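Quick caveat: nothing in here was measured; it's all calculated off a predicted structure. Every chain is numbered from 1, with letters handed out A, B, ... down the list of sequences.
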Amino acid sequence: MANKLYSAPKREKYWQDVWADSNIFATNNLRNKPKCYILEMFPYPSGRIHMGHVRNYAMGDILARYKRAKGFNVLHPMGWDAFGMPAENAAIEHNTKPDKWTYKNIEAMKMQLKSIGLALDWSREFATCNISYYKHQQKLFLDFFSRGLAYRKSSKVNWDPVDHTVLANEQVIEGRGWRSGALVEQRELTQWFLKITEFADDLLEGLAELKNWPENVRLMQANWIGKSHGLLIRWKLNYEIEGIKELKVYTTRPDTIFGASFVAIAPDHPLSRAAAATNSKLADFCEECRQAGTSIIDLEKIEKKGFDIGIKAKHPLDHEWELPIYVANFILSEYGTGAVFGCPSGDQRDLDFARKYNLPVIPVVAPRDADPANFTIGQKAFTDDGVIINSKFLNGLDTKRAFDAVAKKLEEMDLDDASVVERVTYFRLRDWGISRQRYWGCPIPIVHCDDCGAVPVPEKDLPIVLPGDVSFDTFGNPLDRHPSWALVCCPKCGKLARRETDTMDTFVDSSWYYTRFTSPNHDTPVDHDSAKYWLPVDQYIGGIEHAILHLLYSRFFSRAMGVTGNLPADIKEPFNALLTQGMVVHECYFQKTTNERRIWFEPKEVRTEGEGKNRIAKLVKSGETVEIGDIVKMSKSKKNIIDPDDIISKYGADCARWFMLSDSPPERDIIWTEAGIVGASKFIQRIWRLIDTTEQKVCKIHTPQPVNFGSDALFLRRASHKAVYLVEKNIENLRFNVAIAQIHDFVNHIQLRVNKKGQGLDWAIREAFELLVQLIGPIMPHLAEECWSRLGYQTLLAEQPWPTVDKELIVDDTVTIAIQINGKRKDELRIKRSTSSDEVKRKVFELDIVSRALKGKTPSKVIVVPNKIVNIVI
RNA sequence: GCGGGCGUGGUGAAAUUGGUAGACACGCUAGAUUUAGGUUCUAGUGCCGUAAGGUGUGGGGGUUCGAGUCCCUCCGCCCGCACCA
C-alpha cells in the first residue's frame with residue numbers, strides 16, 4: 001500500500017494564508033497576561049534572505065510560538081535595518097535610487113520571510129529609512145545634544161582621497177580604501193560624537209547583571225570598555241620648553257617606579273611638537289611615525305623606534321636622578337596621557353627598547369621563590385606579581401602594597417618640589433564618532449551658522465528629510481553637491497547658513513529600534529507606557545559578530561534615552577537574555593586556473609562521490625573534477641550558497657526549520673548537508689504517515705480516558721508525558737537540538753506500539769498523537785496544523801495552549817541501579833524506586849558477580865546512592 | 001603578547017549537584033516488505049577480542065568509594081582584543 005505523501009510546499013502556503021486571514025499573530029494590547037518580547041536582530045535588506053536568516057528567525061519563532069502556547073502575551077516583530085552603503089553602491093552601479101532599491105528589496109525579502117511561516121506581528125513593521133522612523137531619531141539626537149551627550153570635536157579619520165569619504169577601520173585594507181584602492185590618508189575632521197564614555201562605568205557594572213548573556217560576550221564588552229586603575233604622576237623637566245615644565249605620566253604599575261630607565265612620549269604629544277619645532281630631525285621622525293599604517297598587520301611589522309629629544313625628566317622620588325625622554329612610535333596619544341615611563345625589567349616592550357638603545361635594566365620585581373640578590377633579567381621581562389627589590393622603601397612589599405606605598409609617599413611630599421599624584425581610572429572606550437559623509441543615512445538635524453555656530457534644528461522643523469533628487473554620477477556625498485538642500489536660514493539669527501550634510505552611522509538606527517517596536521506609531525520616539533510593559537526584550541537572538549558594537553551601543557542608548565526622558569529611566573538594560581547563534585557553513589568547490597586564481601562553483605553545479613579521503617567532486621554538466629575547499633561561512637564570493645527559496649520550494653519551510661535546529665546546539669556553527677535536509681524531510685513524512693494512516697485505528701476525538709491501562713498503554717503514556725516534560729525543559733533552556741532528539745525518541749516509542757493491541761492502547765496512542773503534534777507545533781508549525789486538522793480538530797493548533805504534564809507519569813516506579821565494584825560498573829539491577837538502602841544491599845550481595853568478586857571477604861565499604869548506584873569497595 | 005573557550009565513536013552530537021559515557025540523528029551491517037530502484041519497517045553498531053573479558057571522553061599526573069565533569073601540567077584547535085602604559 002503506497003502512502004500518500006505530505007506535500008509540504010503546497011500545504012504550507014495554505015496554512016500561512018489561514019494564519020494571515022485569522023490575524024492571530026498580531027499582538028493584542030490587552031495587558032492581562034504576562035508579557036514576553038522575543039526579538040531577532042532585524043535584517044539588512046540586501047535583496048535576498050540567506051540560510052543564516054532562516055536559522056536566526058527559526059529560533060526566535062520557536063520561542064515565540066512556544067511562549068504564546070504557554071500563555072504569554074508575545075511581542076514578536078520584524079523590521080528592516082535599511083540605511084547603509086550597499087544601497088548607494090547599487091545606485092552608482094545600476095543607475096537607480098537608494099530608496100527605490102531598498103524598498104524593492106524589502107518587498108522581496110518580506111515575501112521570503114513569510115514563506116518560512118514565522119509567527120510575526122507584521123502590523124508593527126518599519127524600516128529605519130522610513131521618514132516616520134528617522135524623524136524620531138533626529139529628535140533623539142536633539143535631546144542628546146541639549147543634554148551634552150552629542151557634541152562636535154575634531155578627530156583623526158581614515159580619508160579616501162578618491163572616493164571622498166571617511167572610511168571605517170574595517171574598510172581600510174592594507175592601508176588602501178577597500179573600493180578605490182587609493183592610499184588612505186589620516187585626516188583631521190570635525191565630527192559628531194555621542195558621549196558613550198559618560199556611561200563607561202555603568203555599562204561595565206551592568207554586565208554583571210546580565211546573567212542570561214553568554215559569558216564571552218560580557219567579557220568582550222568588559223575588555224572593550226577596558227577600565228584600569230592607576231596613578232597620574234608628574235615628572236618635572238630639567239629644561240622648560242614653550243612653557244612646558246613637566247610631563248604627566250599615567251601608570252598602572254607605580255610599584256615598578258624605581259625600575260624606570262626612560263620616559264617615552266607619543267609623536268603628537270605637545271612636548272614632541274615643541275621639541276620638534278627646533279629640531280628638524282625630530283620633526284622628520286614624528287612625521288614618519290604619523291605616516292605609518294594603522295592596520296594590525298602594520299603594527300606587528302613595525303620596529304620599536306625612539307628619538308632622544310635631549311630634555312631630561314626628573315624621577316619623581318629622586319630629583320637628582322634624570323632620565324632621557326624619547327619620542328617613540330609605539331606610544332598612543334589617545335590612551336592615558338600619551339606619555340609613559342619605561343620599566344624594562346617589567347615590560348617586554350620596554351625591555352626591547354632598552355636593549356636597543358643601551359638603557360639600564362634594573363630588576364625591581366622578583367618571583368617569590370627567587371633569590372633577590374642574584375635575580376637578573378635576560379631576554380624576557382618579568383611581568384607577574386612578585387616581591388619588590390632594588391627599590392628603597394618598597395623592598396620586600398608585594399605589588400599591591402607597593403602601589404599604595406608609592407601613592408602615599410608621593411601624596412605626602414611637599415607640593416613645591418614634589419610630584420603631585422592622583423589616583424585615576426582610565427577607560428579604553430572612546431566616544432562614538434557617528435558622522436558619515438554619506439547620503440543614505442539619517443540626516444543630522446543641525447545648521448551651521450557663521451555667527452551662531454552649530455545650531456540645532458527646532459523640533460517643529462523635524463523631520464529633516466533626505467532629498468530625492470540627488471545624483472550618484474560622481475564620488476563623494478551627494479548631499480554636499482545638492483544645489484539647494486543644504487542652504488537654509490539659521491534658526492537662531494535668520495542669516496543664511498548651511499545644513500549639516502553628514503548623516504548618522506547606521507549603528508545609530510539599530511541602537512533603539514527595539515524600543516520603537518513597543519509603540520511603532522507613537523508620536524514621540526517611544527510611548528513610555530508601552531515601553532514599561534514590554535521592555536526589556538526577554539530574548540534577543542543574533543550573530544556573535546555584534547557582540548561588541550551593536551550590543552554596546554544599544555546598552556548605551558537605553559541609558560542615554562533614560563537620561564533624556566525618552567525612555568523610562570529604570571529600563572537600563574535593553575536585552576534581558578541574549579543568544580548568539582552560530583553560522584551556517586558549507587564546503588566550497590573550485591578549480592585553479594593557470595595563474596593560481598580560483599574559480600568557484602555553486603553547490604548545485606557540483607556532485608560529490610565517495611567518502612572520506614576518496615571523496616571527489618565533479619561538475620554536473622561536464623563531469624570535470626573540481627577541488628573541495630574548506631567548510632566556511634556561506635558567502636557570495638565563494639559561491640558556497642544554498643538558497644533558502646530552493647530548499648523551501650523543494651522540501652518546505654518546516655523541513656528547513658527542523659534541520660537548522662536539529663543536530664547542533666544553537667550557538668555552534670552548523671554544516672549544511674544535503675543528507676541532513678533529506679533526513680529532516682523523511683522525518684516529516686514519517687510523522688505524517690504515522691498519523692494519517694493510523695488515525696482511524698485509534699480512539700475518536702474527545703473519548704473519555706479509560707480507567708485501566710495495559711502495560712503497553714502505560715509505557716506509551718509515560719513516554720508521552722516524559723516527552724512533553726523534556727521538550728518543554730529543553731526549549732526553555734534554548735537547547736533545541738536536545739528537544740528535537742526527545743521528539744525523535746518519542747516517535748520511536750509510538751511507532752513500536754501503533755500496530756499492537758492492549759487495554760487502553762488506542763486511547764494512549766491518540767493521546768500520544770495529540771501531544772506529539774503539539775510538541776512539533778513551534779518547530780514545524782505547518783505540519784502540526786495539518787496533523788491537528790487530520791486528528792479531527794476544527795481549531796488552529798497555533799492557538800492551543802501548551803499541554804500539561806501528568807507528573808505521576810514521568811516518575812518511573814522501578815529504577816535501574818548500577819552495581820559497581822571498586823568504581824567499575826559490573827552489573828545492573830531493576831528495583832522498586834525508593835527501596836531502602838539495607839534492602840538494596842541485601843539484593844546486591846545475592847548477585848553472583850558480587851560474591852565471585854568478594855571471594856568470601858568482607859567489603860571495606862559499600863556506598864549506596866539511592867535509585868542510582870551501589871559501589872562495593874573491596 | 002593578553003583575555004576567553006573548546007578537545008567525547010566513522011560523522012553531527014547527548015550526559016542535574018562528581019554517580020550506568022556515547023541519548024537522538026547520519027552513516028554502516030543484517031533481516032523483512034514493496035519496487036525497476038529509491039522508500040518503509042525491525043534488529044545490530046565506541047574500540048580490541050570468536051568468547052570470557054579488557055579498554056575507552058586530546059596526553060600525563062592528582063583529589064575521590066566514584067572524574068567527560070574538580071585541581072595541576074603539557075599538546076592541539078577556535079574566538080576576541082591587541083604597541084592600552
Options [options], nucleotide nearest the side-chain atoms of [X]:
X: A:Ser664; options: B:C83, B:A13, B:C84; value: B:A13
X: A:Arg735; options: B:A15, B:U39, B:A43; value: B:A15
X: A:Asn871; options: B:U40, B:C65, B:C83; value: B:C65
X: A:Met220; options: B:U20, B:A14, B:G80; value: B:G80
X: A:Asn737; options: B:C26, B:A14, B:C24; value: B:A14
X: A:Leu332; options: B:A14, B:G19, B:A85; value: B:A85

What is the distance from [atom1] of [X] to [atom2] of [N], rounded to the nearest Å?
X: A:Asn748; N: B:C26; atom1: CG; atom2: P; answer: 9 Å
X: A:Lys722; N: B:A23; atom1: NZ; atom2: P; answer: 16 Å
X: A:Leu219; N: B:C6; atom1: CG; atom2: P; answer: 13 Å
X: A:Asp669; N: B:G5; atom1: CG; atom2: C1'; answer: 14 Å
X: A:Asn755; N: B:C41; atom1: CG; atom2: C1'; answer: 10 Å
X: A:Leu549; N: B:G80; atom1: CG; atom2: P; answer: 12 Å

Q: Using a cut-off of strictly less than 4.0 Å between a heavy atom of the residue and any atom of RNA chain B, enumerate the qualifying residues of residues 347-356 of chain A by number.
A: A:Arg349
Using only side-chain N and O atoms of [X], determine if any of them is under 4.0 Å from OP1 or OP2 of [N].
X: A:Lys682; N: B:U39; result: yes
X: A:Gln751; N: B:C41; result: yes
X: A:Asn223; N: B:A82; result: no
X: A:Arg825; N: B:C65; result: no
X: A:Arg686; N: B:C41; result: yes
X: A:Lys248; N: B:A85; result: no

**Q.** Pairs touching residues 665-685 of chain A that satisfy salt bridge (Lys or Arg N to Asp or Glu O under 4.0 Å), sequence neighbours left out
**A.**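 Non-adjacent pairs meeting salt bridge (Lys or Arg N to Asp or Glu O under 4.0 Å): zero.
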Q: Describe the nucleic acid contact of A:Asp745 in one word from base, sugar-phosphate, nothing, applying a heavy-atom distance below 4.0 Å.
A: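 Sugar-phosphate only.
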Q) More than 12 heavy atoms of other residues, nucleotides or ligands under 6.0 Å from NZ of A:Lys356: is that the case? A) yes
Q: Indicate yes or no: does A:Glu732 engage A:Lys729 in a salt bridge with an N to O separation below 4.0 Å.
A: no
